[in-house]
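Just follow the structure's listing: the first ligand is 1, and inside any ligand the first atom is 1.
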Amino acid sequence: MILSAVIVAAAFIFIGSFGGKAVFKEKRQKIIIDAGHGLPDGGAVASDGTIESDLNLAIAKHLYEKLHAAGFECIMLRNDENSIYTEGNTIHAKKVSDIKNRVETAAKNDDAFVVSIHMNTFETPDVHGAQVFYKSGSSISKDIAVEIQNIINLKYQPDNTKVSKPIPSNVYLFNHINNDSVLVECGFLTNNDDLSKLKDADFQEDISKSIAEVITYKLSGSETNVE
Ligand SMILES: [Zn+2]
């Protein structure tokens, strides 16, 4: 889509309308990108040893690049393979510290939109496809999740019949923050087709691009090609 010319009132902060950048009508929107898990908590593990936290990070990094380039202020909750724990001597204690630090950053930036990246698993290998969740009670979150789900299904997973749903109430991060949020479970590590796609660098970039395009359009009102 081509970015159409936009007249921005002088009082507003103008964040470039060229080069595919979003145009923010009031202020630059902040986005928190949450790559789920991180060592020593790798999250789910596929049969070939692929760990969820690595795939989450790969997609989160693409998202950062794309949303940053589109003009958003982006905060990555983790930038490398490690989680962001600051204390604890056991894996459990480190996980608790990590999730509390994530909550703290989101709470400090409660005007930021949170996009969280995870991978799914199921007890049988037939279950497949991305599933997008949204912060319950947040209409913008639902709006964005519905659109991300539609685009992923349409572009990459035509036999994916999943529809977006509210984030379950027992997910610690999301029941401790008020930020508008979406949680993208990008696919199932227990399904071979999903796994090979999720490990594929081109697919990682494609799914990130779709997520970034929806967020850019919905949060800035700009139709922009995300590079
Ligand atoms: Zn996970």
Side-chain angles (χ1 to χ4, degrees), residues 31-64 75-85 88 90-106 113-136 141 144-145 148-149 152 156-157 160 162-177 179 181-200 203-204 207-208 210-211 215:
I31 297 183
I32 291 174
I33 300 165
D34 172 46
H37 311 281
L39 300 179
D41 164 30
V45 183
S47 57
D48 67 354
T50 301
I51 56 172
E52 181 194 348
S53 60
D54 284 349
L55 299 178
N56 295 341
L57 183 65
I59 290 173
K61 281 183 169 175
H62 281 300
L63 262 182
Y64 178 89
I75 300 169
M76 283 282 272
L77 287 186
R78 71 176 169 101
N79 275 305
D80 60 29
E81 71 272 24
N82 298 309
S83 66
I84 56 168
Y85 68 89
T90 62
I91 290 179
H92 177 73
K94 285 173 180 171
K95 275 176 80 165
V96 170
S97 170
D98 169 70
I99 201 71
K100 285 187 173 168
N101 287 337
R102 292 182 204 232
V103 166
E104 190 182 320
T105 300
F113 186 84
V114 176
V115 52
S116 185
I117 302 297
H118 281 260
M119 306 292 149
N120 230 330
T121 58
F122 197 66
E123 55 210 35
T124 58
D126 53 315
V127 176
H128 62 94
Q131 171 91 66
V132 188
F133 296 87
Y134 55 86
K135 176 83 177 168
S136 185
S141 306
I144 288 173
I148 292 172
Q149 181 81 62
I152 291 174
Y156 312 116
Q157 301 172 349
N160 183 359
K162 293 185 173 57
V163 293
S164 54
K165 292 179 181 171
I167 296 171
S169 58
N170 61 351
V171 180
Y172 187 95
L173 175 62
F174 295 99
N175 63 27
H176 285 77
I177 63 174
N179 306 58
S181 316
V182 294
L183 163 61
V184 185
E185 295 272 5
C186 300
F188 284 78
L189 300 188
T190 40
N191 176 269
N192 284 337
D193 287 346
D194 273 12
L195 178 61
S196 61
K197 271 191 192 154
L198 292 164
K199 287 164 61 181
D200 179 72
F203 180 76
Q204 291 170 353
I207 194 169
S208 311
S210 293
I211 296 167
I215 290 174

Looking at [X], which of its N, O or S atoms is the nearest one to the Zn ion (ligand 1)?
{"X": "Glu52", "answer": "OE2"}
{"X": "His118", "answer": "ND1"}
{"X": "His37", "answer": "NE2"}

Task: Worked verdict on Ile144 versus Phe113 for side chain to side chain contact (heavy atoms under 4.5 Å, CB included) - done: CA-CA 11 Å; Ile144 288 173; Phe113 186 84; 3.6 Å; yes
The complete set of salt bridge (charged side-chain N to carboxylate O under 4.0 Å, His left out) pairs with one or both residues in residues 36-61, sequence neighbours excluded, reads Asp48-Lys199
So the salt bridge (charged side-chain N to carboxylate O under 4.0 Å, His left out) pairs with at least one residue in residues 96-105 (sequence neighbours excluded) are Asp34-Arg102, Asp98-Arg102, Glu104-Lys108
Heavy-atom neighbours of Lys165 NZ exceed 12 at 6.0 Å: no
- With a cut-off of 2.8 Å, does Glu185 place any N/O/S atom under that distance from the Zn ion (ligand 1)? no
